[in-house]
Student: 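To start, I am sharing the structure in question, which I have written as structure tokens.
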Amino acid sequence: MFDKILIANRGEIACRVIRTARRMGIRTVAVYSEADARAMHVEMADEAVCIGPAPVGESYLRGDAILEVAKRTGAQAIHPGYGFLSENAGFAAACAEAGVVFIGPPIEAIRVMGSKAESKRVMSQADVPLVPGFHGEAQDLETLSAEAGRIGYPVLVKASAGGGGKGMRVVRAAGEFADAVAGAKREAKAAFGDDSVLLEKYLGRPRHVEIQVFCDTHGNGVYLFERDCSIQRRHQKVIEEAPAPALPDDLRRRMGEAAVAAAKAVNYVGAGTVEFLYEDGGFYFIEMNTRLQVEHPVTEKITGQDLVEWQLRVAAGGTLPLMQDQLTRRGHAFEARLYAEDPQREFLPAIGKLVRLRPPAENDHVRVDTGVREGDEVTMFYDPMIAKLIVWDEDRDAALRRLRVALAAYEVVGVTTNVAFLGAIAGHPAFRAVEIDTGFIERHRADLLPPPAPVPDRGLAIAALSVLLRRNADTRKARRAASDPWSPWLSASGWRLNDDNHHDLRLLDGDTPRSLTLHFRPDGYEIEVEGRPAIRAERVTLDGETLTATIDAVRTRATVVCQGLDLTILSDGSVWRLHLDDPTARAAEQEGGSGRLTAPMPGTVVRVLVEPGQTVEAGAPLMLLEAMKMEHTIKAPAAGTVSAVNFAAGDQVSEGVDLLVLDVAEG
């Protein structure tokens, strides 16, 4: 077994590999970019070495730099994780030449399976079922058009190299074929440097079922059952489960045996995944991923095996820990991928600081694989995955209940996430009923991605109570500092002289103003929302960011995170965002002193319109910020003098960072 390995990756998978290596007594070396200097995987590893600037082409894809670190630190093997160099035959060859073990399959297996066309030719020779199609080398339009006619429309045009939905077109009629091929070739060339395509019969409502395989150098090969990865958006997996539900056991066995045959056809070694499309009792080879998959934890949960440990043992020359007749599965597992992205904006990635990050408690039923912590930044340089949430129970229904509960408990503030979207999938009747296929999300899009709704009265009440209790706490501090700490004029207890004891608040729900009046009562509060009947709140307490109250006789616990005047409320899986329209606070900002102007969103500085020392009037434009292809002007909230400009044109900024500092004029 190795004494020391290098992990040529970052984030969640790097942390995942380090945990197993540490348990096995293997020392680890992390590599990192300048942007990841304080990353979780860097702190977890025994050693860490910087390999370049933030862009992946200058750091995590620098195979030469990574091999130099391995040589310098004495690492005997390199674990590539997934992505980056994990399926790069050239890097695997460079490792072999340098005398470093590549913890992955043989070079030729990576090369063959990396080409969709060549892999299908090899699979055909190994009697692995294929979708009817054309995988030949001819790329002229006449040949491709004739083959499409032979297959029968609709057909799928796919890039031979690459994946992730790039270079892929569905063609439903012969008249659309030429334009579709041209578009697919352009996209494939831009993405992969290779414009060759293949053709397949387009299946109407297939499921995506994949088999986890493992082979060693002693001729042994096994399958560790299957996973269903049908829940996808833009051909990227969102929720995976194991085992695949509602499949006959005989079919499971035949798929597993076909997957092992596929692996042995290329003399495979290590962990791999053979992917199939399944429809109406038939299954067809799509491709083989020559690495550990993102969704491997669901297989670990149902088998009780550590697949990273299997990888290390096989790469060190050992035999498979278990043979096929020794492998068993128990229960059901789901994995949900939590991303910093905006489902309402076609899943555009979001960047920014993780102001609050609180996963559900881990136990035998709940596992969280992550590479970030509260306070970390999600940057534009890398995949915006926050975590993988994995749940397990004895059957699918029980596991699905645990998934819904765990998603509702996940608290993320600071970036937009897909948590609510994942919860909508987990709670959808069709998903519970196993009415699933690769078109599930598009078919149920209206249910899964409803238009944003106004914050309900209950959410407004929670926000208002939080604001009031924070003011009470601030008042108590002021009283302690005052010369007369018992002055009634410094009290926020609700006492008024000859007046009803109440507070009026105005919150902005997006651009919509929402008005509330909180009336003090001996046992709590009555809250009027826009003139509607009052909500009663009793036994209200605020502990840090956790508000507890009995609202209309229902005990409620919510998290309320304040960022300046912005409020984020998390309650029972719901996330509501409000802005406190507070004239007092606005006036305080303009009364003099230093005003820090922060980025209202992550983006790029387009132009800086002022310089330090410059005097500006209220409303003067100071900086142009571009975000989501739109420009936002940062304006002076009051007259004053610019004392600091913290960013230049072209700089990338996160939401909430200080862009400029304005010394506000008094008076």
Side-chain angles (χ1 to χ4, degrees), residues 33-38 52-59 190 340-342 344-355 375-384 413-416 508 510-511 563-566 568 577 579-582 585-667:
S33 70
E34 292 170 359
D36 276 342
R38 294 179 179 157
V56 295
E58 300 174 44
S59 51
E341 63 183 16
D342 190 348
Q344 295 287 350
R345 294 185 176 183
E346 293 300 321
F347 302 95
L348 282 173
I351 61 174
K353 183 178 181 180
L354 295 167
V355 175
D376 285 353
E377 294 272 347
V378 178
T379 73
M380 65 193 67
F381 298 109
Y382 312 116
D383 185 88
V413 177
V415 295
T416 304
L508 294 179
D511 294 328
Q563 297 168 267
L565 299 179
D566 292 324
T568 303
R577 294 178 178 87
H579 180 84
L580 178 61
D581 190 15
D582 187 344
R586 288 201 307 272
E589 289 177 355
Q590 299 177 17
E591 280 178 356
S594 180
R596 289 178 165 80
L597 302 177
T598 60
M601 65 196 79
T604 303
V605 176
V606 178
R607 290 179 62 194
V608 178
L609 305 173
V610 293
E611 58 187 26
Q614 183 173 335
T615 301
V616 296
E617 296 299 319
L622 308 177
M623 183 180 285
L624 293 181
L625 189 68
E626 184 184 83
M628 301 296 181
K629 301 181 181 179
M630 297 179 64
E631 285 193 357
H632 183 86
T633 303
I634 306 299
K635 298 180 180 180
T641 303
V642 177
S643 60
V645 177
N646 298 329
F647 294 94
D651 286 349
Q652 308 287 340
V653 298
S654 299
E655 183 175 349
V657 300
D658 292 343
L659 298 173
L660 311 97
V661 179
L662 182 70
D663 289 337
V664 179
E666 296 189 21

Student: Can you list everything that forms a salt bridge (charged side-chain N to carboxylate O under 4.0 Å, His left out) with E617? Sequence neighbours excluded, please.
Tutor: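 With sequence neighbours excluded, E617 shows a salt bridge (charged side-chain N to carboxylate O under 4.0 Å, His left out) to no residue whatsoever.
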Student: Partners of R38 by side-chain contact (heavy atoms from CB on, under 4.5 Å), sequence neighbours excluded?
Tutor: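 side-chain contact (heavy atoms from CB on, under 4.5 Å) list for R38, sorted by chain: empty.
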Student: Identify, with sequence neighbours excluded, every residue that meets side-chain hydrogen bond (donor to acceptor under 3.5 Å, both in side chains) alongside S33.
Tutor: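 Residues passing side-chain hydrogen bond (donor to acceptor under 3.5 Å, both in side chains) with S33: Y382.
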Student: Could you pull out all residues at least two apart from T633 that satisfy side-chain contact (heavy atoms from CB on, under 4.5 Å)?
Tutor: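 Testing T633 for side-chain contact (heavy atoms from CB on, under 4.5 Å), a comparison that skips the adjacent residues, returns P621, L624, K635.
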Student: Kindly indicate whether the side chain of Q563, heavy atoms from C-beta on, has any atom under 4.5 Å from the side chain of V413.
Tutor: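 Sidechains of V413 and Q563: in contact.
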Student: Please identify each residue that fulfils side-chain contact (heavy atoms from CB on, under 4.5 Å) with A644, with sequence neighbours left out.
Tutor: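 Once residues adjacent in sequence are excluded, the partners of A644 under the side-chain contact (heavy atoms from CB on, under 4.5 Å) criterion are N646, V661.
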Student: Check whether T641 reaches the backbone of G613 with its side chain - one donor and one acceptor, N or O, closer than 3.5 Å.
Tutor: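 No, because the side chain of T641 does not come within donor-acceptor range (under 3.5 Å) of the backbone of G613.
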Student: Please report the interatomic distance CZ(F647) to CD1(I634), rounded to the nearest 0.5 Å.
Tutor: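 Separation between the atoms: 11.5 Å.
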Student: Which pair of heavy atoms, one from P384 and one from A350, lies closest together, and at what distance?
Tutor: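 The answer is CB-O, 4.4 Å.
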Student: Of all residues at least two apart in sequence or in a different chain, which pass the ring pair (Phe, Tyr, Trp, His ring centres under 6.0 Å) check with F347?
Tutor: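 Ring pair (Phe, Tyr, Trp, His ring centres under 6.0 Å) list for F347, sorted by chain: F421.
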Student: For R607, does the CZ atom sit with more than 12 other heavy atoms under 6.0 Å from it, leaving out its own atoms?
Tutor: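 Incorrect, the count does not exceed 12.
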Student: Would you compute the distance between atom CG of L565 and atom NE2 of H579 and round it to the nearest 0.5 angstrom?
Tutor: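 With rounding to 0.5 Å, CG (L565) is 4.5 Å from NE2 (H579).
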Student: Please evaluate residues V415 and L354 with respect to the criterion side chain to side chain contact (heavy atoms under 4.5 Å, CB included), reporting the C-alpha separation (whole Å), side-chain torsions for both, the decisive distance (0.1 Å), and the verdict.
Tutor: CA-CA 7 Å; V415 295; L354 295 167; 3.8 Å; yes
Student: Could you report the tightest heavy-atom contact between V664 and A638, atom names first, then the distance?
Tutor: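 Minimum heavy-atom separation between V664 and A638: CG1-CB, 3.8 Å.
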Student: For T598 and V657, run side chain to side chain contact (heavy atoms under 4.5 Å, CB included): C-alpha distance rounded to whole Å, both residues' side-chain angles, the deciding distance at 0.1 Å, then the answer.
Tutor: CA-CA 5 Å; T598 60; V657 300; over 6 Å; no
Student: Residues two or more places apart in sequence or in another chain: which of them pass side-chain contact (heavy atoms from CB on, under 4.5 Å) with V616?
Tutor: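 If we apply the side-chain contact (heavy atoms from CB on, under 4.5 Å) test to V616, skipping adjacent residues, the hits are V610, Q614, A620, L622, A636, V642, L662.
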Student: State which residues pass salt bridge (charged side-chain N to carboxylate O under 4.0 Å, His left out) with D566; sequence neighbours excluded, sorted by chain then number.
Tutor: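 So D566 forms no salt bridge (charged side-chain N to carboxylate O under 4.0 Å, His left out) with any residue.
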Student: Taking side chain as C-beta onward, heavy atoms only, is D651 less than 4.5 Å from T604?
Tutor: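 Contact flag for D651/T604 side chains = no.
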Student: Please find the pair of heavy atoms, one from A599 and one from L625, that lie closest to each other, and give the distance.
Tutor: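 Looking at all heavy atoms of both residues, the closest pair is CB-CD2, 4.3 Å.
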Student: For the atom pair OG1 (T416) and CG (L348), what is the distance rounded to the nearest 0.5 Å?
Tutor: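 The CG atom of L348 is 10.5 Å from OG1 of T416, to the nearest 0.5 Å.
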Student: Would you indicate whether the side-chain heavy atoms of P349 and V378 approach each other to under 4.5 Å?
Tutor: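 V378 does not reach P349 side chain to side chain.
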Student: With sequence neighbours left out, write down each residue that passes side-chain hydrogen bond (donor to acceptor under 3.5 Å, both in side chains) with E346, or none if nothing qualifies.
Tutor: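 Scan of E346 (side-chain hydrogen bond (donor to acceptor under 3.5 Å, both in side chains), adjacent residues dropped) gives R445.
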Student: Run the ring pair (Phe, Tyr, Trp, His ring centres under 6.0 Å) test against F381 and tell me which residues pass, sequence neighbours left out.
Tutor: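 Here no residue qualifies.
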Student: Taking the side chain as C-beta and beyond, is there a heavy-atom pair between V645 and M623 under 4.5 Å?
Tutor: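 V645 vs M623: side chains touch.
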